[in-house]
Amino acid sequence: MLDSPLSGSVTQRRRAGSNTRKKVILGVAAVSVVPFLLSTFAASVTIGSGALEFGQGSQQAVACDQNVFIALGQEWHANPSSDDSSNGFFRVRTATISNLNLDTCGGRKLRLRMIDGTSAELVIGNTPDAKVLQVVLPATSPTSNITDSASLALTYLTGEGQPITGTLAASANVNVSGVSVYDGSPLSPTNADVMFYLDPSATQVNVNGESVRRATVETVNNPR
């Protein structure tokens with residue numbers, strides 16, 4: 001059975017005789033940018049260093065919601081070489097923002113970034129400048145799941161927030177029924193999952209999970 005990069009890191013620490021696990025440091029940031037960006041919530045979760053299990057991370061929010069969570073999904077990406085036919089890595093398949101209250105966050109733009117160990121933004125799209133994935137949350141809380149990425153205005157942005165035109169490798173869903181990816185709790189408009197698929201085809205965007213050290217979520221209150 002293949003281990004994830006994170007479980008491997010945890011195993012190595014255990015072999016070193018450490019029985020303690022580092023606590024996740026919750027980062028909270030509020031940013032105000034005139035004239036459009038009224039408020040932003042951001043938080044950091046340690047992922048690639050093995051400080052927590054892949055797919056978990058608690059965050060505090062200071063904008064439209066007081067408490068959200070990030071869950072990163074992984075899958076094996078085969079990358080055989082002439083020396084090792086079994087070579088590969090665990091790619092980031094999905095990033096899900098859970099426990100999001102659409103009643104208070106409706107109409108806002110929701111942005112996702114991933115940061116590596118050097119504090120550089122990772123490319124998460126199919127062009128070198130694609131450092132951000134963005135959707136526009138529905139202005140009215142939906143009564144059923146939204147699976148049409150176009151209706152969510154899914155797009156790539158540069159790190160500076162400029163839109164990138166072209167064909168998307170990504171897709172996105174807003175789920176208000178079923179159960180949460182993060183903790184299995186019942187979904188609702190006040191406990192929604194917004195799920196980003198970096199590249200469902202796994203042919204263009206393959207981010208190595210070991211390179212992701214932080215995930216940052218932002219809301220922007222200028223939906224147009």
Side-chain angles (χ1 to χ4, degrees), residues 1-16 18 21-22 24 44-59 69-98 111-135 147 149 154-159 164 166-173 175 179-184 193-217:
M1 182 176 178
L2 296 172
D3 290 331
S4 77
L6 300 175
S7 62
S9 298
V10 173
T11 302
Q12 291 172 6
R13 289 203 309 275
R14 287 176 177 170
R15 288 174 180 172
S18 173
R21 300 186 68 182
K22 296 179 181 179
V24 180
S44 300
V45 292
T46 303
I47 297 168
S49 68
L52 71 159
E53 294 180 6
F54 205 86
Q56 296 181 350
S58 175
Q59 300 189 59
F69 307 92
I70 285 184
L72 297 184
Q74 64 178 339
E75 65 183 3
W76 180 252
H77 176 68
N79 188 25
S81 65
S82 57
D83 297 329
D84 185 358
S85 61
S86 66
N87 191 36
F89 57 88
F90 283 89
R91 68 184 288 269
V92 179
R93 180 173 182 266
T94 59
T96 305
I97 316 305
S98 289
R111 295 176 176 176
L112 170 75
R113 305 171 193 257
M114 294 183 188
I115 314 297
D116 69 13
T118 67
S119 296
E121 293 181 343
L122 290 166
V123 175
I124 56 176
N126 54 5
T127 65
D129 292 330
K131 305 294 182 63
V132 181
L133 272 169
Q134 174 182 279
V135 292
T147 59
S149 299
L154 176 66
T155 189
Y156 295 127
L157 304 176
T158 66
I164 297 174
T167 303
L168 291 166
S171 63
N173 294 352
N175 297 328
V179 296
S180 172
V181 167
Y182 180 74
D183 60 4
D193 273 5
V194 178
M195 179 175 287
F196 294 94
Y197 295 84
L198 270 63
D199 178 6
S201 70
T203 59
Q204 301 179 65
V205 183
N206 293 296
V207 177
N208 190 331
E210 286 188 320
S211 66
V212 183
R213 297 300 175 90
R214 290 183 289 151
T216 299
V217 184

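Residues: numbered from 1 along the sequence shown.
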Closest non-hydrogen atom pair, V123 against P128:
CG2-O, 3.3 Å
For the residue pair A71 and V181, what are the closest heavy atoms and their distance?
CB-CG1, 4.1 Å
Heavy-atom closest pair, residues K131 and T158:
CB-C, 4.3 Å
Can you find a heavy atom in the side chain of Y156 that is under 4.5 Å from one in the side chain of L133?
yes
Could you go through the side chain to side chain contact (heavy atoms under 4.5 Å, CB included) check for L168 and S149 one step at a time?
CA-CA 10 Å; L168 291 166; S149 299; 5.7 Å; no
Where does the angle between the aromatic ring planes of Y182 and F69 fall among parallel (under 30°), tilted (30 to 60°) and perpendicular (over 60°)?
parallel
What heavy-atom pair brings A215 and I70 nearest, and what distance separates the two atoms?
CB-CD1, 3.5 Å
Restricting to pairs with a member in residues 119-128, which pass salt bridge (Lys or Arg N to Asp or Glu O under 4.0 Å), not counting sequence neighbours?
R113-E121
N/O donor-acceptor pair under 3.5 Å between N87 side chain and N79 backbone
yes
Hey, could you give me the CD/CZ distance between E75 and F89, rounded to the nearest 0.5 Å?
10.5 Å
Report the C-alpha separation of S119 and R214 in whole Å, then their side-chain angles, then the decisive distance to 0.1 Å, and conclude whether the side chain to side chain contact (heavy atoms under 4.5 Å, CB included) test is met.
CA-CA 8 Å; S119 296; R214 290 183 289 151; 3.5 Å; yes
Taking M195's backbone N and O only, do any of them form a donor-acceptor pair with D193's side chain (distance below 3.5 Å, no angle check)?
no
Rounded distance (nearest 0.5 Å) linking atom OG1 of T216 with atom CZ of R111
13.0 Å
Run the side-chain donor-acceptor check on residues 200-207: report pairs under 3.5 Å with partners two or more places apart or on a different chain.
residue : atom : partner : partner atom : Å
S201    : OG   : D199    : OD1          : 2.6
S201    : OG   : D199    : OD2          : 3.4
S201    : OG   : T203    : N            : 3.4
S201    : OG   : T203    : OG1          : 2.7
Q204    : OE1  : N126    : ND2          : 3.3
N206    : OD1  : R91     : NE           : 2.6
N206    : ND2  : A202    : O            : 3.4

Heavy-atom pair with the smallest gap, counting every atom of A172 and V135:
CB-CG1, 3.8 Å
Taking side chain as C-beta onward, heavy atoms only, is F90 less than 4.5 Å from H77?
no
How close do A95 and L72 get, counting heavy atoms only, and between which atoms?
CB-CD2, 3.4 Å
For V212 and Q74, what are the C-alpha separation, side-chain angles and deciding distance, and is it a side chain to side chain contact (heavy atoms under 4.5 Å, CB included)?
CA-CA 12 Å; V212 183; Q74 64 178 339; over 6 Å; no
Could you check whether any side-chain N or O of D116 sits under 3.5 Å from a backbone N or O of T118, counting only pairs where one atom can act as donor and the other as acceptor?
yes
